[in-house]
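Heads up: the structure comes next, in structure tokens.
Values below: every heavy atom of this structure, side chains too, minus hydrogens, waters and symmetry copies. Given the structure is predicted, the values throughout are model-derived calculations rather than measurements.
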Amino acid sequence: MSKSQPQSPSPSNPLPPRPVAAWLVLLAAAGAFALTMGVRQTMGLFLSALNTSTALGIGSISLAFAVGQLCWGLTQPFAGAVADRIGTGRVILAGVLLVGIGTLITPLMTSTGGLIFAIGLLAAGGAGMAGPSVLMAASTRLVPPARRGLATGIVNAGGSFGQFAMAPIAIGLTAAVGWASAMQWLGVLVLLALPAAWLLRGNSRALAAQAAAASGVKALSARQAIRQALATPSYRYLSLGFLVCGFHVAFLATHLPGVVAACGLPPETGGWALAMIGLFNIVGSLAMGWAVGRWRMKSLLALLYATRGLAVLVFLLAPTTPAVMLVFAAVMGVTFLSTVPPTVGLVAKMFGTANMAMLFGIVMLAHQIGGFFGAFLGGYVFQATGSYNWVWYIDIVLAVGAALVNLPIREARLPRAAQAAA
């Protein structure tokens, strides 16, 4: 009897990627996210130097960064829709190049409009194109289903590591060559993400078309997918919870040094607190990626949001010491972006991978809208009251609301999405 021949891939019998290929995919996605997110997050270190150089004022320069927050969110649904159709690699290529160009030309800008163009549109828009919605959708598409939770956790941890590692690089470059050249070197450094465009090439719609041809069920168009998602209560609940996540993240990232100062603690405590958030965010992302395959994702999200609310309450009741601040930062770091793996997993489980980048991009847009309000209200409330307490109270209420709104989510895949991705 002859030995059976290995099956060849076909639309009805696709071969799963080999383990080595899967880890290459994760390395490419996590590395690209680390570079684009790291460069984007370190731009704030140059705010004072930009103000001194341009004499535009902190308010005008901050406007460019605020536009960048919104542009990063607004770009992702559109970038995801394009990636789903013409290919992830092309979108990542364009995004990385835009981040590099925007960062390179920022030191040359001398007006508010110029900074908005370079920081808010080019750099932030490019980071959105090569951002989590596109990178995580590619990882979800290219790794076996059993590893998707861990895959999204690893990619998310890559972005966290980029935030942690790029800051000392930027500081070291600034000391060596000056702030303008340091920023331009960061623009060159981000180009190291370009090989990821080749490794992550391909698109979800091609796979969906193959599956549709095999099953006889036509794949959903982008418009149909959006209509189905927005009509699904579970998707709306998920987006509302992620909006609250954006509020938490932006408030902490923007105002934690101010909170430290308001507590009468030394400024270096603020730096260490931000570092603790970055370090423990890596731990939380990897742990949540592991947990996604073992427990219900909606329950994990409810637990994360409830933990945030409880941590803030304990922080408000505890004495304001450096140790308390660092422990609080560590706890918040564990929950900081660990909401991403279960959120990605729920979108994939409900709607499949055919329109994954676009649908997760819409959820990310909700996240950034929440981030806008978190950053804005933090400064507005402190200016009006001289304290951040009311923002913390709002934060607790929102955390409880986010925990509760995730509980009714139904994790079963919708019938039409299941047929289209069969």
Side-chain angles (χ1 to χ4, degrees), residues 9 14-41 72 75-76 79-80 82-100 103 126-166 169 186-207 281-282 285-286 288-290 292 337 340-341 344-345 347-348 353 356-358 360-361 364:
L15 288 179
R18 292 175 297 176
V20 173
W23 283 106
L24 280 175
V25 165
L26 297 182
L27 179 62
F33 196 21
L35 287 164
T36 58
M37 179 65 77
V39 170
R40 176 176 173 266
Q41 290 297 95
W72 189 74
T75 305
Q76 294 196 52
V82 174
D84 285 333
R85 278 146 188 82
I86 72 168
T88 302
R90 297 174 183 177
V91 175
I92 293 175
L93 174 65
V96 171
L97 290 175
L98 286 176
V99 175
T103 309
M129 293 175 67
S133 64
V134 172
L135 294 171
M136 291 192 182
S139 302
T140 301
R141 169 172 53 84
L142 293 170
V143 303
R147 300 181 183 177
R148 286 175 180 170
L150 181 60
T152 54
I154 291 173
V155 176
N156 198 48
S160 304
F161 177 78
Q163 295 178 56
F164 176 76
M166 201 65 72
I169 293 175
L186 291 179
V188 174
L189 185 61
V190 78
L191 299 181
L192 292 175
L194 286 176
W198 184 82
L199 287 168
L200 301 175
R201 66 193 185 280
N203 65 84
S204 300
R205 295 296 293 178
L207 295 179
N281 191 21
I282 298 173
S285 295
L286 294 175
M288 191 54 58
W290 172 83
V292 159
L337 288 178
V340 173
V344 173
V347 174
T353 60
M356 175 69 191
M358 177 183 64
F360 181 63
M364 279 300 305

- Query: Do the non-hydrogen side-chain atoms of Val340 and Phe360 ever get within less than 4.5 Å of each other?
  - Reply: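 Side-chain contact under 4.5 Å: yes.
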
- Query: Do Val96 and Leu192 have side chains that get closer than 4.5 Å, going by heavy atoms?
  - Reply: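 Not in contact.
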
Restricting to side chain to side chain contact (heavy atoms under 4.5 Å, CB included), what partner residues turn up for [X], sequence neighbours left out?
X	value
Ser285	Asn156, Ala157, Ser160, Asn281
Ala197	Ile92, Leu93
Trp198	Arg201
Leu199	Ala28

Distance from [X] atom [atom1] to [Y] atom [atom2], nearest 0.5 Å?
X	Y	atom1	atom2	value
Leu26	Leu135	CG	CG	11.5 Å
Leu191	Leu186	CG	CG	11.0 Å
Ile154	Trp290	CD1	CH2	14.0 Å

Closest approach of [X] to [Y] (non-hydrogen atoms, all atoms of both residues):
X	Y	result
Ala32	Ala193	CA-CB, 3.9 Å
Gly95	Met129	CA-CB, 3.8 Å
Val190	Val99	CG2-CG1, 3.9 Å
Gly128	Gln76	O-CG, 3.5 Å
Met37	Gly159	CG-O, 3.8 Å

- Item | From CA spacing to verdict: side chain to side chain contact (heavy atoms under 4.5 Å, CB included), Met166, Leu35 | CA-CA 8 Å; Met166 201 65 72; Leu35 287 164; 4.0 Å; yes

